[in-house]
Amino acid sequence: MVSPSFSVQKDSNQQRSADTLIILDFETTGLSPNMGDRAIEIGAVKLEKGQVVDSFQRLMDPGFRINSFIENYTGISNAMLAGEADCETVMTEFADFVGDANLIAHNASFDKKFLDAEFERVGFQYSGGFSCSLLLSRRINQDAPSHKLGDLIRYKQIPSEGQFHRALFDAEMTAKLWCLMIDDIKQQYNLAEVPFALVQKICKTPKAKVAEVIGKWRGE
DNA sequence: TGCCAGGCCCTCTTTAGGGCCTT
């Protein structure tokens, strides 16, 4: 069992850099912002050199009642959202948290479309790249029976005490999974570091050619 | 009336179809 170091320290100087990673997760009213769905919770952790240095969690009022499926799925009720700030207020705060960092999410295509939609409403565009722990897992954990976040946490025997389908907990679990996969890549391919650009390249590579791509990256 | 996401990825593919994953 491997347990990535995960102590939370406050980022006192608010320094931002392209080397900083933000691992984020949305809870939403549904699957598609194009169908009118909105975010109801954002959770994120900030990683620097594999260490969590800050975190962000806010509920937000989408402006309409959420259905019972979402209440049951997330544990977030309409009563919990009543009186919370609206999405625009929360996402403006989150834009400040994100800065110019690179971004990661599990099944990033889902979180990216909500992030893009909510940021567009507040006129913010992030400058960092976006990568996906699910795509990386499909290439690194090829024997995993499933690539659902909860299943991967159990498969990798990562300690977890909390409620899945809440934004901050899922972001924390994704961060642990991410760190473990990066460690696996370092160990398997004898790399001192795994730059974000290499991860993005791996995620675009067919599974059968991952070793070849990493070998080329190393200059072999 | 009935349906309404969408990107990725595999295969019985590529002029397509269907499962996986996210809420």
Side-chain angles (χ1 to χ4, degrees), chain A residues 22-45 56-81 84 86-87 90-91 94 103-121 126 129-156 158 160 162-178 180-181 199-213:
Chain A
I22 302 287
I23 293 85
L24 64 96
D25 183 72
F26 276 109
E27 304 306 319
T28 69
T29 64
L31 292 172
S32 173
N34 290 336
M35 300 290 289
D37 290 316
R38 300 294 303 272
I40 57 173
E41 187 181 37
I42 177 74
V45 295
F56 185 98
Q57 185 275 329
R58 299 282 191 284
L59 290 169
M60 56 191 116
D61 183 354
F64 54 88
R65 290 182 63 80
I66 60 175
N67 63 42
S68 58
F69 172 81
I70 296 298
E71 283 188 312
N72 293 329
Y73 187 81
T74 64
I76 298 170
S77 66
N78 283 292
M80 291 166 66
L81 296 176
E84 294 290 341
D86 60 21
C87 298
V90 171
M91 293 311 296
F94 188 60
L103 305 169
I104 294 163
H106 196 69
N107 197 14
S109 65
F110 174 84
D111 292 279
K112 185 177 185 302
K113 65 185 178 184
F114 274 95
L115 186 70
D116 289 346
E118 295 294 351
F119 271 169
E120 185 176 359
R121 289 171 178 268
Y126 54 87
F130 216 127
S131 195
C132 177
S133 55
L134 186 148
L135 295 184
L136 185 61
S137 178
R138 282 177 173 163
R139 287 154 179 81
I140 300 304
N141 301 313
Q142 295 189 17
D143 294 332
S146 154
H147 296 276
K148 292 179 183 175
L149 179 60
D151 290 345
L152 284 169
I153 295 301
R154 285 182 283 275
Y155 174 73
K156 299 299 286 184
I158 296 172
S160 60
Q163 183 183 354
F164 282 106
H165 305 305
R166 285 300 301 268
L168 182 57
F169 185 72
D170 280 4
E172 289 172 342
M173 291 299 102
T174 301
K176 288 186 177 183
L177 175 66
W178 183 266
L180 204 50
M181 290 193 292
V199 174
Q200 288 186 303
K201 198 173 184 65
I202 292 171
C203 288
K204 291 178 182 174
T205 300
K207 285 193 292 188
K209 292 193 172 181
V210 168
E212 179 184 335
V213 163

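Every chain is numbered from 1, with letters handed out A, B, ... down the list of sequences.
Between A/Asp151 and A/Arg154 there is a salt bridge, since a side-chain N of the basic residue sits under 4.0 Å from a carboxylate O of the acidic one.
Rounded to whole Å, atom C1' of B/dC10 lies 12 Å from atom NE2 of A/His147. Distance A/Gln142 CD to B/dC9 C1': 12 Å, rounded to the nearest Å. When rounded to the nearest whole Å, the span between CZ of A/Arg38 and C1' of B/dA5 equals 17 Å. Going from atom CG of A/Asp151 over to atom P of B/dC21 covers 8 Å, rounded to whole Å. Separating the CG atom of A/Asn141 from the C1' atom of B/dC21 is a distance of 15 Å, rounded to the nearest angstrom. A/Tyr73 has its OH atom 6 Å from the P atom of B/dT22, to the nearest Å. What separates CD1 of A/Ile202 from P of B/dC9 is a distance of 13 Å, to the nearest Å. What separates NE2 of A/His106 from P of B/dC20 is a distance of 14 Å, to the nearest Å.
Heavy atoms of A/Thr29 sit nowhere under 4.0 angstrom from any nucleic acid atom. Contact annotation for A/Asp25: backbone-only contact, meaning every heavy-atom pair under 4.0 Å involves sugar-phosphate atoms and none involves a base. Across all strands shown, A/Phe26 has heavy atoms under 4.0 Å from sugar-phosphate atoms exclusively, and none from any base. Nucleic acid contact class of A/Leu134 (heavy atoms, under 4.0 Å, all strands): sugar-phosphate only. Among the heavy atoms of the strands lying under 4.0 Å from A/Asp170 are primed sugar atoms or P, OP1, OP2 only; no base atom is included.
Both A/Phe69 and A/Met35 lie near DNA chain B, and the one whose nearest nucleotide falls closer to the 5' end is A/Met35.
Here A/Asn107 pairs with A/Ser109, A/Phe110, A/Leu134 under the side chain to side chain contact (heavy atoms under 4.5 Å, CB included) rule; sequence neighbours left out.
For the C1' atoms, the distance from B/dA5 to B/dT23 is 11 Å, rounded to whole Å.
Smallest separation of non-hydrogen atoms from A/Ala105 and A/Thr174: C-CG2, 4.4 Å. A/Ala167 and A/Gly43 make their closest contact through CB-N, 3.2 Å (heavy atoms, listed as atom of the first residue, atom of the second, distance).
Ring geometry, A/Phe94 versus A/Phe26: the interplanar angle exceeds 60°, so the pair is classed perpendicular (tilted spans 30 to 60°).
Around atom NZ of A/Lys113, more than 12 heavy atoms belonging to other residues, nucleotides or ligands sit under 6.0 Å away.
Residue A/Ser146 places none of its side-chain N or O atoms closer than 4.0 Å to OP1 or OP2 of B/dC20.
Applying the side-chain hydrogen bond (donor to acceptor under 3.5 Å, both in side chains) rule to pairs touching residues 30-43 of chain A yields A/Thr29-A/Asp37, A/Arg38-A/Glu88, A/Arg38-A/Glu118, A/Glu41-A/Gln57, A/Glu41-A/Arg166, sequence neighbours excluded.
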Between the protein and nucleotides 6-8 of chain B, which nitrogen or oxygen pairs are less than 3.5 angstrom apart?
| residue | atom | partner | partner atom | Å |
| --- | --- | --- | --- | --- |
| B/dG6 | OP1 | A/Asn34 | ND2 | 3.0 |

